[in-house]
Amino acid sequence: MHLSARQFAEARELAEQLLEALGLEAYVFGVEPRDGRFEVRVERPLADGWQTVTLWIEPEHLTRLRTDEHAREALMRSWRERLAPPP
């Protein structure tokens, strides 16, 4: 599957919006096309070092994630769980 520059820009913007909405205190992130979807790599400081988490955005869901609040909330819940600090 070919991922367009437009889809890449949309995925990056969406990732930024979702990460902001999650209210993380400090983080850096990058978005890259990989295996027909978008990999979102998030790095953030924890009390004892850094946490790196890889998240995904499916390109066929980009429009739905922008317009469907339930789909967006479901993805945010998933990301929130993945970004939770280890016990």
Side-chain angles (χ1 to χ4, degrees):
M1 169 189 262
H2 173 71
L3 300 172
S4 71
R6 179 174 170 243
Q7 287 175 307
F8 176 74
E10 289 175 4
R12 183 159 194 336
E13 181 181 330
L14 177 65
E16 184 174 23
Q17 290 171 359
L18 293 175
L19 291 168
E20 280 290 315
L22 289 173
L24 301 177
E25 289 185 26
Y27 63 92
V28 294
F29 79 101
V31 178
E32 294 184 36
R34 188 174 315 285
D35 299 326
R37 55 190 179 164
F38 294 102
E39 176 187 82
V40 180
R41 185 178 174 110
V42 180
E43 297 181 21
R44 67 188 192 127
L46 297 178
D48 59 346
W50 284 81
Q51 176 189 43
T52 301
V53 177
T54 301
L55 308 166
W56 299 95
I57 298 175
E58 301 296 333
E60 61 270 13
H61 297 158
L62 284 171
T63 300
R64 193 168 120 228
L65 288 166
R66 278 196 322 276
T67 60
D68 181 337
E69 190 63 33
H70 296 294
R72 188 180 182 103
E73 283 297 319
L75 184 62
M76 284 183 62
R77 272 192 307 277
S78 169
W79 284 19
R80 189 176 292 114
E81 290 172 8
R82 297 281 323 281
L83 289 164

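Just so you know, these numbers come straight off a predicted model, no measurement behind them. Only heavy atoms go into these numbers, but all of them, side chains included; no hydrogens, no water, no symmetry mates.
Considering CG of L65 and NE2 of H70, their distance stands at 13.5 Å, rounded to 0.5 Å. One finds the CG atom of L24 at 5.0 Å from the CZ atom of R44 (value rounded to the nearest 0.5 Å). The structure places CG of L3 at 11.5 Å from CD1 of I57, a figure rounded to the nearest 0.5 Å.
With sequence neighbours excluded, the residues forming a salt bridge (charged side-chain N to carboxylate O under 4.0 Å, His left out) with E32 are R34, listed by chain and number. For E58, the side-chain hydrogen bond (donor to acceptor under 3.5 Å, both in side chains) partners two or more places apart in sequence, or in a different chain, are R37.
When side chains are defined from C-beta on, L62 counts as touching L14, because their heavy atoms get closer than 4.5 Å. Considering only heavy atoms from C-beta on, F8 comes within 4.5 Å of F38 through its side chain.
Hydrophobic cluster membership differs between W56 and L19, with clusters built from Ile, Leu, Val, Met, Phe, Trp and Tyr side chains linked at under 4.5 angstrom. F29 and W79 fall within a single hydrophobic cluster, where Ile, Leu, Val, Met, Phe, Trp and Tyr side chains are chained together by heavy-atom contacts under 4.5 Å. Cluster membership for V31 and V28, using ILVMFWY side-chain heavy atoms within less than 4.5 angstrom, is not shared.
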Step-by-step side-chain hydrogen bond (donor to acceptor under 3.5 Å, both in side chains) determination, Y27 to Q51
CA-CA 9 Å; Y27 63 92; Q51 176 189 43; over 6 Å; no
Given side-chain hydrogen bond (donor to acceptor under 3.5 Å, both in side chains), test R12 with Q7 step by step and report yes or no.
CA-CA 9 Å; R12 183 159 194 336; Q7 287 175 307; over 6 Å; no
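Using a cut-off of 4.0 Å between Lys/Arg side-chain N and Asp/Glu carboxylate O, R66 and E13 are scored as not salt-bridged. Using a 4.0 Å cut-off between charged nitrogen and carboxylate oxygen, R41 and E39 do not count as a salt-bridge pair.
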Under 3.5 Å, which donor-acceptor pairs do the side chains of residues 80-87 form with other protein atoms, sequence neighbours left out?
unit_1 : atom_1 : unit_2 : atom_2 : d
R82    : NH1    : T54    : O      : 3.0
R82    : NH2    : T54    : O      : 3.3

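Nearest heavy atoms, P59 versus G36: CG-O, 3.3 Å.
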